[in-house]
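Side chains are part of it too, since the values below use all heavy atoms of this structure and drop only hydrogens, waters and symmetry mates. All of these numbers come straight from a predicted model, not from anything done at the bench.
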Amino acid sequence: MQEPNPQTQKLISGYRNWYETLHPKEGQANIKVDEVVSKVASFYEKMRGVIDWREEHLLRKTAVERILKRRLFLKQNLNKDDKIAEPFIAELIRGGHFPNETIPETKIGEVQKVIDKYVFILENAPAPKKEKAKMYLYDWLFGVAACEIETTLSPSPKESALIDFMMESMKVGIRIKEGTSVRTISEGEADTQLYIAVQRALFKLDSPTITYHLFKRWFSDWTNLPQPTLNEISLNIYQVWKKIDEALKHPLSEKFYAVCERYDTPYLILGDIIAQNPVQAQETLKNPEMLESKIKEAYSLRLKKVRTKINRAAIYSTISIFITKVLVAIAIEVPLEAYVTQQFNYLTSALSVVTPPILMFFLVLSIRPPSKHNEGLVIMEVMKIVYGKEKKNVYEIKPSPRRGLVLNFFMVIFYLAGFVISYGLIVWALQKAHFSVLSTLIFLLFISMISFTGMKIRQRAKELLVEKEKETFLHSLIDLFSLPMIQVGRWLSTQWSKYNAVAVLFNSLLDMPFQLFVEFLEQWRSFLREKREKIH
């Protein structure tokens with residue numbers, strides 16, 4: 001029998017607190033919506049999820065932000081005295097983002113308090129030099145507000161406990177290499193970078209969610225700010241925003257993430273084992289043989305989940321891009337080529353539509369699961385974390401080396417050569433297939449986005465990888481020609497998520513009328529129930 005170290009015992013305690021929150025309090029009044037209306041609204045939200053695709057763990061937060069901004073817009077333009085928390089939460093439940101009759105009515109006041117806090121900051125922020133800065137602040141603030149609202153409605157003490165546990169465990173082993181192009185960072189900066197990297201590695205949290213966690217870290221009373229502090233933050237919000245942005249874009253940010261991403265698997269597996277039964281977890285971890293068996297079981301289960309997520313991501317992202325590609329073809333390519341350039345060709349149009357999904361299919365098909373050796377490394381690392389009696393790992397952060405002007409020049413030349421060759425070969429092949437200039441351009445845009453999406457999915461497939469990947473000459477050669485395309489796809493995907501034509505159509509023409517219809521339908525069904533109850 002071996003006793004888990006104090007840090008692991010603290011983690012178990014955090015999971016027990018989470019386990020207790022799963023049991024609802026007796027006599028507690030919960031928010032309820034009409035089940036029939038909920039099915040209609042839930043179907044609409046699923047359709048949106050396919051068209052305006054986001055990664056699975058971001059779907060709910062994205063919905064919270066979208067609905068919040070719409071209701072704030074209506075409040076601003078219709079009735080500024082309205083409290084929006086109750087209809088806002090009801091809409092989230094109807095859309096299937098939270099289970100029905102599980103959110104206490106007391107949460108209405110808490111959510112309204114959160115909304116009022118961010119509205120106060122926005123309204124009392126100093127006037128910026130540029131008018132657009134106020135709009136950017138609005139988007140940034142209410143992206144963070146959506147994260148706080150989601151946490152208020154569905155707290156995540158389990159995830160917070162694991163983040164703190166991994167950070168404290170890795171903190172003692174972090175070594176930052178000196179004498180590089182990056183200035184020496186303070187201990188506080190290093191802690192912040194590790195905190196950000198752990199969240200990105202463990203749960204793939206996005207910038208707004210990490211920003212919310214930084215607010216709580218830097219302002220200990222963030223969830224219940226006294227008025228003087230709130231006034232001060234409002235007046236200095238642009239400086240706070242800049243500080244957070246600098247932390248998220250720190251020169252060493254990606255280096256910290258690379259280290260955390262490699263070592264996050266043992267922490268995820270340990271969290272899965274404790275979550276199975278937090279009450280008995282202490283006894284389980286005392287027995288190394290039982291723990292090893294549990295590790296293998298949890299590893300196998302998580303491997304299956306990763307495969308499921310990869311397949312779902314591939315399907316949804318491909319459908320989303322495919323629908324947009326079809327709409328672009330109908331709205332732009334076909335009319336221009338048929339009536340302006342007189343170059344319309346059924347074969348090239350069909351190829352331009354079906355090639356991106358086929359490419360995605362082969363990208364996913366080429367993904368290979370981790371080797372058996374990787375499982376052994378995971379077992380060893382979990383044991384090391386739990387008992388803490390072996391030599392601690394050293395996590396070296398190596399900033400990029402300083403390069404001279406001449407070397408940088410040649411690096412850029414080689415990179416541009418890869419860009420020209422990769423796109424040049426595709427353009428040559430498309431010309432041989434008699435693609436028009438417009439069709440070629442659109443095809444390149446979509447292939448770039450598919451390449452970036454495929455790369456992200458391949459990265460998700462490696463989230464259980466602990467062993468170091470072998471770099472070969474072939475990998476370097478592939479990177480030379482694929483990275484420029486992936487970089488273009490990354491930029492395009494960012495722009496596409498902002499200006500997705502179908503998503504804009506849903507937001508501007510369908511979203512608001514549909515929600516009005518849903519709320520009317522719920523009131524109508526309530527009215528019919530009242531009439532039915534009067535019949536004796």
Side-chain angles (χ1 to χ4, degrees), residues 2-25 57 60-61 102-104 107 110 147-174 191-192 194-205 209-210 212-224 260-261 263-288 290-291 294-295 297-299 301-302 305 378 381-389 392-393 463:
Q2 287 184 273
E3 285 290 336
N5 60 37
Q7 284 181 318
T8 306
Q9 292 181 24
K10 184 180 177 182
L11 177 66
I12 294 171
S13 177
Y15 270 62
R16 283 177 179 167
N17 293 337
W18 157 76
Y19 186 70
E20 289 173 3
T21 64
L22 299 180
H23 302 88
K25 297 177 181 178
H57 65 287
R60 186 166 69 180
K61 193 271 293 181
T102 58
I103 297 178
K107 292 289 184 181
E110 294 178 31
C147 302
E148 184 165 352
I149 290 169
E150 183 183 19
T151 303
T152 301
L153 294 174
S154 180
S156 53
K158 180 178 67 169
E159 286 78 5
S160 299
L162 192 61
I163 288 169
D164 292 340
F165 175 71
M166 181 174 173
M167 183 178 171
E168 291 303 315
S169 297
M170 293 191 69
K171 183 178 177 180
V172 294
I174 291 290
D191 285 352
T192 298
L194 181 59
Y195 183 63
I196 292 170
V198 166
Q199 294 178 74
R200 284 176 172 165
L202 278 177
F203 302 113
K204 308 298 180 284
L205 300 184
T209 309
I210 295 172
Y212 166 56
H213 291 159
L214 286 175
F215 268 122
K216 290 202 301 179
R217 185 178 175 86
W218 292 343
F219 302 96
S220 57
D221 50 0
W222 178 254
T223 54
N224 193 25
C260 292
E261 177 62 20
Y263 290 97
D264 66 334
T265 302
Y267 294 92
L268 289 168
I269 297 298
L270 178 58
D272 291 346
I273 293 168
I274 297 173
Q276 288 177 6
N277 192 340
V279 178
Q280 296 296 323
Q282 183 88 6
E283 296 302 316
T284 300
L285 299 187
K286 283 181 180 180
N287 188 329
M290 186 183 294
L291 175 58
K294 290 288 185 181
I295 293 171
E297 180 185 319
Y299 181 83
L301 187 61
R302 188 165 275 272
K305 289 180 179 178
V378 171
E381 289 295 328
V382 174
M383 293 286 189
K384 193 185 295 186
I385 291 167
V386 171
Y387 302 119
K389 293 183 179 179
K392 297 285 185 182
N393 289 331
E463 70 176 52

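- Interatomic distance, Glu150 CD to Ser154 OG, rounded to the nearest 0.5 Å: 7.0 Å.
- Ring orientation note: the planes of Trp222 and Phe219 are tilted relative to one another, at an angle of 30° to 60°.
- Residues Asp272 and Ala298 share a closest heavy-atom pair of CB-CB, 4.2 Å.
- The distance from atom NZ of Lys294 to atom CD1 of Ile269, rounded to the nearest 0.5 Å, is 13.0 Å.
- Of all heavy-atom pairs spanning Lys286 and Pro4, the tightest one is CG-CD, 4.0 Å.
- Annotation: side chain of Tyr19 is not in contact with side chain of Asn277 (no heavy-atom distance under 4.5 Å).
- Here the shortest heavy-atom pairing between Glu110 and Thr152 reads OE1-CG2, 3.6 Å.
- By the ring pair (Phe, Tyr, Trp, His ring centres under 6.0 Å) test, Tyr267 is found to be paired with Phe165, residues two or more places apart in sequence or in another chain being considered.
- Looking at heavy atoms from C-beta onward, Asp164 lies out of side-chain contact with Lys10 at the 4.5 angstrom threshold.
- Looking only at side-chain heavy atoms (C-beta outward), Lys204 and Glu261 come within less than 4.5 Å of each other.
- The closest side-chain heavy-atom distance from Cys260 to Arg200 is not below 4.5 Å.
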Report task. Assess whether side-chain contact (heavy atoms from CB on, under 4.5 Å) is satisfied between Ile163 and Tyr195, documenting all intermediate values. Result -> CA-CA 8 Å; Ile163 288 169; Tyr195 183 63; 4.0 Å; yes
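- Here the closest non-hydrogen pair linking Pro278 and Arg16 is O-NE, 3.1 Å.
- Nearest heavy atom pair, residue Ala161 against residue Gly14, reads CB-CA, 4.2 Å.
- Interatomic distance, CD of Gln199 versus CG of Leu194, reported as 10.0 Å (0.5 Å rounding).
- Between the side chain of Asp221 and the backbone N or O of Asn224 there is no donor-acceptor pair closer than 3.5 Å.
- Counting heavy atoms from C-beta outward, Leu162 and Ile274 have side chains that stay 4.5 Å or more apart.
- To the nearest 0.5 Å, the span separating OH on Tyr15 from CD on Glu159 amounts to 7.0 Å.
- Evaluation of the ring pair (Phe, Tyr, Trp, His ring centres under 6.0 Å) rule for Tyr299 yields no partner, not counting sequence neighbours.
- Note that CG of Asn17 is 13.5 Å distant from NZ of Lys158, once rounded to the nearest 0.5 Å.
- More than 12 non-hydrogen atoms from other residues, nucleotides or ligands lie less than 6.0 angstrom from CZ of Phe215.
- In this structure a side-chain-to-backbone donor-acceptor pair under 3.5 Å is missing from Lys171 to Asp191.
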Report task. Please report the C-alpha distance between Thr209 and Thr151 in whole Å, then the side-chain angles of each, then the deciding distance to 0.1 Å, and finally whether the side-chain contact (heavy atoms from CB on, under 4.5 Å) criterion is met. Result -> CA-CA 10 Å; Thr209 309; Thr151 303; over 6 Å; no
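- A donor-acceptor contact shorter than 3.5 Å links the side chain of Asn5 to the backbone of Ile385.
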Query raised in the report: Between His213 and Leu205, does a side-chain contact (heavy atoms from CB on, under 4.5 Å) hold up when you go through it step by step?
Result: CA-CA 10 Å; His213 291 159; Leu205 300 184; 3.8 Å; yes
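- For Glu3 against Tyr387, the heavy-atom pair with the smallest separation is O-CD2, 3.8 Å.
- The structure places CG of Leu11 at 12.0 Å from CD of Glu168, a figure rounded to the nearest 0.5 Å.
- Contact of the Lys384 side chain with the Pro266 side chain is not registered, since no non-hydrogen atoms from C-beta on lie closer than 4.5 Å.
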